[in-house]
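Index from 1, following the sequence. The structure displayed is predicted, hence computed values, not measured ones.
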Amino acid sequence: MRAIEQALVSFFEQVARKDEAWLKALKRDERFAVGEERWRFTLPDLHLFLQHRDDVFSCIDYKQFRQLIFDSPINQTVKLHGAEIIIADNRANVNKSSYALVWQSRDSR
């Protein structure tokens, strides 16, 4: 796994595990909606956020980032931690649609 893919998967894994530092950073960013049950985002906003948090993401443009998202085993990884990624608002355009990482209740696991 390339370093950038590993960094992306690690980011999602930490959010799926409700890492306190990441959740604080996401909550402080007005582009995101973070609640008890889910974190909602768009791909362009996520790209900008990660570019300012980790140098590995500053070397790829949005198109490369979007491809990385779709090629990475993110969903499989977050499911190991009781979460899943869904399309929250389908705008018939990947760049305009919003997505959510949803934490499953412990009772349903």
Side-chain angles (χ1 to χ4, degrees):
M1 190 180 300
R2 298 179 315 176
I4 193 162
E5 182 179 6
Q6 197 166 19
L8 183 66
V9 170
S10 176
F11 165 75
F12 274 98
E13 179 179 26
Q14 290 175 64
V15 174
R17 291 184 5 226
K18 294 188 173 183
D19 177 84
E20 198 173 309
W22 277 118
L23 289 181
K24 279 184 181 178
L26 292 170
K27 286 178 182 177
R28 280 194 308 263
D29 194 307
E30 62 189 33
R31 294 173 286 200
F32 304 121
V34 181
E36 289 296 315
E37 297 177 1
R38 68 173 159 171
W39 157 52
R40 190 171 169 152
F41 60 93
T42 66
L43 295 183
D45 288 343
L46 180 58
H47 177 242
L48 288 171
F49 175 81
L50 288 174
Q51 280 191 315
H52 292 97
R53 297 279 188 258
D54 192 331
D55 289 341
V56 73
F57 294 106
S58 63
C59 66
I60 63 169
D61 64 23
Y62 173 69
K63 188 176 179 181
Q64 293 169 313
F65 176 78
R66 191 179 64 203
Q67 191 62 49
L68 179 66
I69 287 275
F70 293 122
D71 290 345
S72 298
I74 295 166
N75 262 324
Q76 297 91 319
T77 300
V78 300
K79 283 184 182 194
L80 296 173
H81 300 284
E84 69 176 322
I85 297 175
I86 62 166
I87 299 172
D89 182 18
N90 190 343
R91 297 286 175 117
N93 181 316
V94 171
N95 304 322
K96 294 178 182 175
S97 294
S98 59
Y99 303 86
L101 184 143
V102 180
W103 293 285
Q104 305 299 312
S105 68
R106 296 202 182 270
D107 299 335
S108 64
R109 280 203 244 170

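Annotation for Asp55: atom CG does not count as buried by contact number, only 12 or fewer foreign heavy atoms lying within 6.0 Å. Within 6.0 Å of NZ on Lys96 lie no more than 12 heavy atoms contributed by other residues, nucleotides or ligands.
The distance from atom CD1 of Ile86 to atom OG of Ser98, rounded to the nearest 0.5 Å, is 9.0 Å. Taking CG of Asp19 as the start and NZ of Lys24 as the end, the distance is 10.5 Å to the nearest 0.5 Å. A distance of 8.5 Å separates CD in Glu84 from CG in Leu101, rounded to the nearest 0.5 Å. Atom CZ of residue Phe11 and atom CZ of residue Arg53 lie 9.0 Å apart, to the nearest 0.5 angstrom. How far CD of Glu13 is from CG of Leu8: 11.5 Å, rounded to the nearest 0.5 Å. To the nearest 0.5 Å, the span separating NE2 on His52 from OG on Ser58 amounts to 9.5 Å.
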Intermediate values then yes/no, side chain to side chain contact (heavy atoms under 4.5 Å, CB included), Phe65 and Ile4: CA-CA 9 Å; Phe65 176 78; Ile4 193 162; over 6 Å; no

From CA spacing to verdict: side chain to side chain contact (heavy atoms under 4.5 Å, CB included), Ile69, Tyr99: CA-CA 12 Å; Ile69 287 275; Tyr99 303 86; over 6 Å; no

Candidate pair Arg66 and Asn95, rule side chain to side chain contact (heavy atoms under 4.5 Å, CB included), full reasoning: CA-CA 9 Å; Arg66 191 179 64 203; Asn95 304 322; 3.1 Å; yes

For residues 30-37, please give each side-chain donor-acceptor pair under 3.5 Å, one per line with the distance, not counting sequence neighbours.
from  : atom 1 : to    : atom 2 : distance (Å)
Arg31 : NE     : Asp29 : OD1    : 2.9
Arg31 : NE     : Asp29 : OD2    : 3.4
Arg31 : NH2    : Asp29 : OD2    : 2.6

What donor-acceptor contacts under 3.5 angstrom involve side-chain atoms of residues 70-78, with partners at least two apart or in another chain?
from  : atom 1 : to    : atom 2 : distance (Å)
Asp71 : OD1    : Gln67 : NE2    : 3.1
Asp71 : OD2    : Gln67 : NE2    : 3.2
Ser72 : OG     : Leu68 : O      : 2.6
Asn75 : OD1    : Ile85 : N      : 3.1
Thr77 : OG1    : Pro73 : O      : 2.9

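In this structure, the side chain of Trp103 engages the main chain of Ala16 through a donor-acceptor pair within 3.5 Å.
Residues Val15 and Leu48 fall into different hydrophobic clusters, defined by Ile, Leu, Val, Met, Phe, Trp and Tyr side chains chained together at heavy-atom separations under 4.5 Å. Cluster annotation: Phe49 and Ile60 are assigned to the same hydrophobic cluster (Ile/Leu/Val/Met/Phe/Trp/Tyr, side-chain heavy-atom contacts under 4.5 Å, transitive).
The two atoms that bring Gln51 and Phe57 nearest to each other are CG-O, 3.4 Å, heavy atoms only. Annotation for Phe41 and Leu43: closest pair CE1-CD2, 4.1 Å, computed over non-hydrogen atoms. Scanning all heavy atoms of the two residues, the minimum distance from Gln64 to Cys59 falls at OE1-O, 4.3 Å. Scanning both residues, Tyr62 and His47, for their nearest heavy atoms gives N-CE1, 3.5 Å.
Side-chain N/O atoms of Thr42 and Asp45 include a donor and acceptor closer than 3.5 Å. Side chains of Gln14 and Ser10: a donor-acceptor N/O pair is present below 3.5 angstrom, by distance only. For the residue pair Arg91 / Ser97, no side-chain donor-acceptor distance below 3.5 Å is found, with atom types taken as modelled.
Using cut-offs of 30° and 60° on the angle between ring planes, the pair Trp39 and Phe12 is tilted.
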